[in-house]
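Below is one structure, written out as structure tokens, with a few remarks after it.
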Amino acid sequence: MIIVASSNGDVGIRQAMEVLRGGGSVIDAVVTGIGFVESNPDDHSVGYSGLPNLIGEVELDASLMDGQTLAAGCVGAIRGYEHPIEVARKVLEELPHVLIVGGGAERFAEEMGFPKRDLLTEEARAIWQQGLARDTNLTPGEAKFRERMAELSRRAADPERPTGTVNFIAQDRDGNIACGVSTSGWSWKYPGRLGDSPIIAAGNYADNRYGAAACTGHGEMAMRAATAHSVVLYMKMGMSLDDALREAMNDLKSLGGPWVSRMNIVALDRDGNPSAASNEAGKTFIYMRDDMADFETKERLYIPA
Ligand code: ASP
């Protein structure tokens, strides 16, 4: 049994492993691990205290995929709910749909009995305000601001600005795999923007027969190249996990246009081997097996953009 996660999953990986050790499902393990990251006030890229969009609203994206059935549940641009991964799980279990967004996702979360919470912390608000002040002295309430939002959102694509996401993959002793992703997306994004995280095949894919992969980074790239699915497909076609990661990262090099930036993938093959890749040097990921006392940190393959 193994749990693999992006490095910011360190606050939840031990608890996720405890779920597997206790006989819980891979879905339970992934949702548990991600839940701790979503509640972490020091992580401004996921859940509570995530950085807001251009107009100061925290909009969250999440997805969950079951590698046994290829069932998936996803929510996008949902506001006011601390655990979008739990709402995504309910989409998987309760709805005939895969993805619901915005007001519909909030309505569904309310119907499922999830508590509402104001997710914008003072610290996140201050970071948002400072970033906004670099670009304009207008405020979101002003008509002139509304006329310039497209331009301001383009500035948010600056790779130096803070972003992030959490990825969790779990495999149980029977070879069942689940993969989950949760994020507040790009800070200062255009309201309503979805990234790769709630999109199956882009930011998340799991198939017991071959393995799983999940992304962090500039989601628009993973959406255009179907990056998470590509890693799994390359394994299906016979590549090793590391070769599949290299091939999926190399696919991104053919993306034209101005929005080519950071990309990171964590992955697992069907035999329970973890690996990860990044187009930034020195990046790490974490994993924990059931026979390990604690998680280990490992360097990602570096594949320059
Ligand atoms: N992939 C996320 C998104 O595009 C952000 C990130 O991981 O930095 O929304």
Side-chain angles (χ1 to χ4, degrees), residues 4-10 34 37-38 40 42-47 49-54 57-65 74-79 84-85 88 99 101-102 105 119 124 127-128 131 153-169 179-205 213-231 248-249 251-252 255 257-267 276-280 283-286 300 305:
V4 193
S6 50
S7 294
N8 57 342
D10 57 354
I34 289 179
V37 187
E38 289 175 334
N40 180 6
D42 300 326
D43 191 324
H44 295 306
S45 67
V46 182
S49 90
L51 290 174
N53 64 17
L54 199 46
E57 295 174 332
V58 182
E59 283 183 333
L60 305 178
D61 298 340
S63 64
L64 183 65
M65 186 159 185
C74 314
V75 290
I78 182 172
R79 296 165 305 172
I85 195 68
L99 168 63
V101 302
L119 303 179
I127 296 169
W128 168 71
S153 72
R154 288 197 291 275
R155 299 189 196 187
D158 176 355
E160 296 306 313
R161 302 207 176 188
T163 50
T165 296
V166 66
N167 302 149
F168 262 79
I169 303 172
C179 185
V181 180
S182 183
T183 188
S184 50
W186 288 16
S187 33
W188 305 284
K189 62 191 171 186
Y190 204 99
R193 174 264 184 188
L194 300 183
D196 58 324
S197 308
I199 309 289
I200 294 303
N204 181 342
Y205 205 78
C215 304
T216 64
H218 199 95
E220 280 70 1
M221 294 165 66
M223 292 161 88
R224 292 162 66 200
T227 299
H229 183 260
S230 293
V231 173
M249 291 295 285
D251 285 344
L252 302 171
L255 297 178
W259 313 118
V260 175
S261 177
R262 296 174 307 108
M263 183 50 55
N264 315 283
I265 315 171
V266 300
S278 178
N279 59 11
E280 290 177 281
K283 291 285 170 183
T284 58
F285 73 104
I286 57 176
R300 294 175 185 244

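Order of listing sets the numbers, starting from 1, for every ligand and every atom in it. FYI, side chains are in, hydrogens and waters are out, and symmetry mates aren't considered; it's all heavy atoms of this structure. In this text, all values refer to a predicted model and were calculated from it rather than measured experimentally. Each residue takes its place number in the sequence, starting with 1.
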*Any side-chain heavy atom of M263 within less than 4.5 Å of one from E280?*
no

_Counterpart residues, salt bridge (Lys or Arg N to Asp or Glu O under 4.0 Å), relative to R154 (two or more places apart)_ = none

*Note the single closest protein heavy atom to atom 8 (O) of ligand 1, along with its residue, its atom name and the distance in Å.*
G164 N, 2.9 Å

*Check R262 against ligand 1 and report side chain, backbone, both or neither, counting heavy atoms closer than 4.0 Å.*
side chain

_Among all protein heavy atoms in this structure, tell me which lies nearest to atom 1 (N) of ligand 1, with the distance rounded to 0.1 Å._
G217 O, 2.6 Å

*Select one of side chain, backbone, both or neither to describe which atoms of R193 lie under 4.0 Å from any atom of ligand 1, heavy atoms only.*
side chain

_Residue T165 vicinity, atoms of ligand 1 by number, heavy atom under 4.0 Å_ = 1 (N), 2 (C), 5 (C), 6 (C), 7 (O)

*Could you tell me which atoms of ligand 1, counted from 1 in the order shown, lie closer than 4.0 angstrom to a heavy atom of W186?*
4 (O), 9 (O)

Please tabulate, for side-chain N and O atoms in residues 213-221, each donor-acceptor pair with protein atoms closer than 3.5 Å (sequence neighbours left out).
from : atom 1 : to   : atom 2 : distance (Å)
T216 : OG1    : N264 : ND2    : 3.1
H218 : NE2    : W259 : O      : 3.4
E220 : OE1    : R193 : NH2    : 2.7
E220 : OE2    : R193 : NE     : 2.9
E220 : OE2    : R193 : NH2    : 3.1

*asked:* Evaluate E57 against R79 for salt bridge (Lys or Arg N to Asp or Glu O under 4.0 Å), listing each step before the verdict.
replied: CA-CA 7 Å; E57 295 174 332; R79 296 165 305 172; 3.4 Å; yes

*Under 3.5 Å between some N or O of ligand 1 and some N or O of G219?*
yes

*Distance-only N or O hit between ligand 1 and T163, under 3.5 Å*: yes

*asked:* Can you confirm whether K283 is buried at NZ, in the sense that more than 12 heavy atoms of other residues, nucleotides or ligands lie under 6.0 Å from that atom?
replied: no

*For T216, counting its heavy atoms only, list the atoms of ligand 1 lying under 4.0 Å from any of them.*
7 (O)

_When you compare the side chains of T165 and T183, does any donor N or O come within less than 3.5 Å of an acceptor on the partner?_
yes

_Less than 3.5 Å apart, any donor N or O on the side chain of T284 or S7 sitting next to an acceptor on the other?_
yes

*Could you list which atoms of ligand 1 come closer than 4.0 Å to a heavy atom of G185?*
9 (O)

